[in-house]
Number of protein chains: 2
Amino acid sequence: MAAVWHCQAVTSASTVGAVRQGSLRELNLAVVLRRIAAAERPPSRAGLAAGTGLTRATVSAVVDDLIAGRLVAEAEPAPRTGAGRPARGLVLAADGPAGLGLEVNVDYLAACVVDLTGTVRHHLVRRADLRPVSPTDALTRLAALADEARAAAVRDGLTLAGAVLAVPGLVDDDGLVRLAPNLGWRDVDVPALLAGHPLAEPVDGVPALVVENEANLAALGELYAGPAGPRSFLHVTGEIGIGAGIVLDGSLYRGTRGWSGEIGHVPVQPQGRPCRCGGQGCLERYAGQEAILAAAGLPGAELPADTAATRLADLAGAGDAATLSALADAGTALGVAVAGVVNLLDLDTVVLGGGYAPLAPWLCPPVVAEISRRVLTAAWSPVTVRPAVLGAQSAAVGGATSVVRRIVDRPTGWLARTG
Amino acid sequence: MAAVWHCQAVTSASTVGAVRQGSLRELNLAVVLRRIAAAERPPSRAGLAAGTGLTRATVSAVVDDLIAGRLVAEAEPAPRTGAGRPARGLVLAADGPAGLGLEVNVDYLAACVVDLTGTVRHHLVRRADLRPVSPTDALTRLAALADEARAAAVRDGLTLAGAVLAVPGLVDDDGLVRLAPNLGWRDVDVPALLAGHPLAEPVDGVPALVVENEANLAALGELYAGPAGPRSFLHVTGEIGIGAGIVLDGSLYRGTRGWSGEIGHVPVQPQGRPCRCGGQGCLERYAGQEAILAAAGLPGAELPADTAATRLADLAGAGDAATLSALADAGTALGVAVAGVVNLLDLDTVVLGGGYAPLAPWLCPPVVAEISRRVLTAAWSPVTVRPAVLGAQSAAVGGATSVVRRIVDRPTGWLARTG
DNA sequence: GCCATTTAATTCAACCGCTGAACAAATCGC
DNA sequence: GCGATTTGTTCAGCGGTTGAATTAAATGGC
């Protein structure tokens with residue numbers, strides 16, 4: 001009764017398209033590149049051959065293609081192993097393609113550049129309250145910031161291979177922001193408003209800019225920052241609203257329309273406080289930033305999100321009773337909602353991100369308590385609740401990283417471009 | 001800003017293993033076979049070539065292999081199209097491999113045989129209250145039923161390619177039933193108890209029997225019974241407990257340990273009725289069979305699940321006030337829980353299965369009402385709530401079908417066996 | 001210091017499976 | 001019956017992997 005078979009036995013396999021002659025090389029380029037990206041230390045061609053099951057001859061040929069395409073480079077400090085000819089270590093190229101991550105949020109604009117190795121090469125942030133600013137003006141400012149980031153990347157010899165814009169709201173497949181409540185946006189057509197800017201011009205038929213929900217990208221950032229391999233977790237970001245990014249078996253689950261992760265309106269008190277969504281007792285009314293601040297006796301409805309979180313963390317650290325009680329209540333409400341998700345999706349990890357990250361020392365215990373109480377399977381395998389490793393603006397980093405991860409997953413597009 | 005890129009842009013690609021020389025043929029066998037399986041009417045070799053992008057020559061060679069392996073047959077009534085040489089239609093072979101689906105439930109044992117085309121060729125059901133029966137005895141009776149089904153399959157010229165056992169409980173990867181509360185099972189090692197029976201003997205290193213949760217298999221059955229192509233839905237089965245199977249992008253999501261779908265203990269009333277799980281106000285206490293029966297003023301705690309459901313449907317159809325009120329309340333509770341799931345996963349369909357299916361006329365309206373009230377995105381794209389198309393014992397059918405679907409998805413294993 | 005040993009990477013003929021075009025087969029319309 | 005049309009097969013050609021032989025570059029024992 002092998003477990004090996006089980007995990008794939010019952011699930012329907014993914015639909016792979018037709019495999020033509022050239023697909024062979026295409027697939028092996030991806031296999032080898034992914035392996036180089038996932039390796040702990042720079043692997044040798046021989047090691048890759050042993051690991052993938054391909055011949056050393058094939059690996060050599062594939063690696064030659066990758067080096068010619070500036071995706072891979074040979075590491076100088078060759079790893080010594082003992083006798084024999086020393087291996088030449090292979091690493092992802094740090095001077096090849098890079099991803100541009102952008103973010104529009106309530107109180108800041110951000111742009112960052114991430115190279116193929118996942119290193120954040122540049123990170124620009126402009127603080128400003130964008131609620132009173134029109135979408136057009138906000139995007140104009142964002143475009144200027146993007147130009148700055150692009151210039152910095154070019155100075156480093158990097159080539160931008162794509163851009164992703166993080167928005168705190170519901171985004172359509174064509175880049176239309178349906179609704180971003182905390183930003184005051186409704187039906188904002190980002191590509192149209194950016195018309196004329198290089199960001200909006202497709203390259204080789206591929207859109208240069210992808211617009212995506214902030215919580216999804218933050219979860220992706222967390223996925224990439226963690227260890228390689230398939231993992232499943234829920235990434236909860238607490239700002240003014242509460243969003244969740246869902247990673248299942250190592251890939252982001254976006255939902256049928258990309259609108260997954262709306263956890264803020266899970267009812268935690270069906271007969272409870274009315275919510276602006278029309279429902280009652282929604283999580284947001286108990287664990288949202290405003291609710292926590294109010295319960296802690298702080299005014300700060302106008303506080304920037306991260307300021308509010310640090311303020312609360314300071315107070316809690318100092319032992320302020322009202323704050324501690326507010327955080328305990330918020331944690332319990334969050335725990336009720338998260339326990340439902342864990343029961344439903346059988347996750348082994350919950351990550352607290354965004355404004356929750358600095359508050360994790362006080363939020364984790366009640367969340368864990370609710371999970372232990374409500375999750376039947378927690379008795380057999382514990383659920384880890386931990387703060388996010390990425391700090392603020394993790395969505396921009398996640399978006400930028402997704403661009404380069406896409407190249408690692410399907411290098412052919414990039415290789416075709418540079419001939 | 002093409003939508004095409006978007007849907008895969010941000011998600012991490014699936015990990016494909018190394019692609020060796022022979023993998024090309026292996027992959028194309030799967031591509032062509034899947035295409036034949038998914039086609040509305042028997043496709044021709046030329047049509048397959050046009051659809052897959054492969055050459056007619058390649059398709060011919062691949063189809064020859066498939067016919068030699070008894071997976072595909074030529075359909076007699078050649079589909080006429082007009083001028084030109086008539087095409088020879090290709091269909092899945094009805095006399096090749098078949099899957100055996102088994103089910104142990106509270107009040108029946110079931111076994112069914114499904115051939116490659118998805119047709120249920122045999123379906124045996126033994127009604128009996130299995131709660132007082134020991135796991136050993138239950139599995140012995142099941143083995144006898146399986147032998148009967150196998151004999152019937154052999155008489156039809158079918159070859160059983162695998163078996164799946166559906167159990168209403170939590171199953172480990174190695175076939176250990178951790179907990180099946182309504183059956184009274186705890187830590188039942190199914191493979192060990194079946195030792196000696198052909199079911200427990202691995203063939204070619206692949207386990208002959210896979211044990212899986214009933215709700216997951218019912219959802220798979222619903223997936224296979226519906227139209228082809230990736231779909232995402234939640235399949236809720238209401239029996240004594242409430243389980244859910246989650247299908248995302250056309251494949252079953254099993255969770256990190258295969259324990260996904262525990263929706264029965266989502267809190268719908270946090271300060272509400274205590275539950276045997278230790279929590280409070282769980283869905284099961286409001287929309288479970290016992291709760292509905294009690295609210296309708298019926299005694300029948302000992303009623304078999306399907307009997308109870310039909311009884312309730314009869315009463316509701318006759319206009320019994322208590323029953324209508326009980327169903328409305330249960331529907332509302334179910335709607336609260338389901339709305340949370342739809343918000344979280346952005347699903348476009350919810351299927352009511354098991355005991356809920358006959359009650360759908362009365363349950364759907366309150367469920368839809370709660371979804372409209374609580375799902376923000378429902379304004380842009382409606383959520384369909386509908387009863388399951390498969391009737392009772394859908395888990396056994398789903399399990400049996402998963403065996404043959406696996407062959408369609410990866411035909412190489414089967415082809416290697418028959419030389 | 002020299003040489004056997006060991007491991008890494010490359011080269012090259014052989015081979016597998018897809019490609020594209022030419023060809024044979026079978027039916028319809030006139 | 002004959003051309004038009006579409007299906008299916010055959011076959012030389014080719015891209016890409018395979019496996020063995022070869023070269024490259026280090027370590028370690030004497």
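The model shown is predicted, which means the values in this text are computed figures rather than measured ones. Below, chains carry the letters A, B, ... as their sequence lines are ordered, and counting in each starts from 1.
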Inset, instruction - Flag the pair Leu217(B) / Leu220(B) as yes when at least one side-chain heavy-atom distance between them is below 4.5 Å, and no otherwise. - result: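 Yes. Closest side-chain heavy atoms under 4.5 Å.
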
Legend entry - Side chains of Leu209(A) and Pro191(A) in contact at under 4.5 Å (non-hydrogen atoms):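 Contact flag for Leu209(A)/Pro191(A) side chains = no.
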
Inset, instruction - For the helix from dG1(C)-dC30(D) to dC23(C)-dG8(D), measure the angle between the helix axis at one end and the axis at the other, each built from five pairs, rounding to 10°. - result: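 The two end axes of the helix from dG1(C)-dC30(D) to dC23(C)-dG8(D) meet at 0°.
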
Of the non-hydrogen atoms in [X] and [Y], which two are nearest, and what is the gap between them?
X         : Y        : result
Leu415(B) : Gly69(B) : CD2-CA, 3.6 Å
Val62(B)  : Asn28(B) : CG1-O, 3.9 Å
Val113(A) : Ala98(A) : CG1-CB, 4.0 Å

Legend entry - Distance in angstrom units between Arg45(B) CZ and dT10(D) P, rounded: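 Distance check: Arg45(B) CZ to dT10(D) P gives 11 Å.
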
Legend entry - Atom-pair distance (CG on Leu48(B); C1' on dT6(D)), nearest Å: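 Taking atom C1' of dT6(D) as the reference, CG of Leu48(B) is at 15 Å.
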
Inset, instruction - Give a yes or no on whether the backbone of Asp115(B) and the side-chain of Thr119(B) come within a donor-acceptor separation of less than 3.5 Å. - result: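 The answer is no, because no donor-acceptor pair under 3.5 Å joins these two groups.
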
[N] phosphate, OP1 or OP2, under 4.0 Å from [X] side-chain N/O:
X        : N       : value
Ser44(B) : dT6(D)  : no
Ser60(B) : dT9(D)  : yes
Arg88(A) : dA25(D) : no

Legend entry - N-O pairing of Arg257(B) and Asp173(B) below 4.0 Å: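 No, this pair does not count.
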
Inset, instruction - Run the numbers on Arg45(A) and Arg88(A) for side chain to side chain contact (heavy atoms under 4.5 Å, CB included), then give the verdict. - result: CA-CA 8 Å; Arg45(A) 292 166 173 80; Arg88(A) 278 187 285 171; 4.2 Å; yes

Inset, instruction - Report, as a single string ordered 5' to 3', how protein heavy atoms within less than 4.0 Å touch nucleotides 13-24 of chain D: B base, S sugar-phosphate only, - not at all. - result: --BBBBB----B

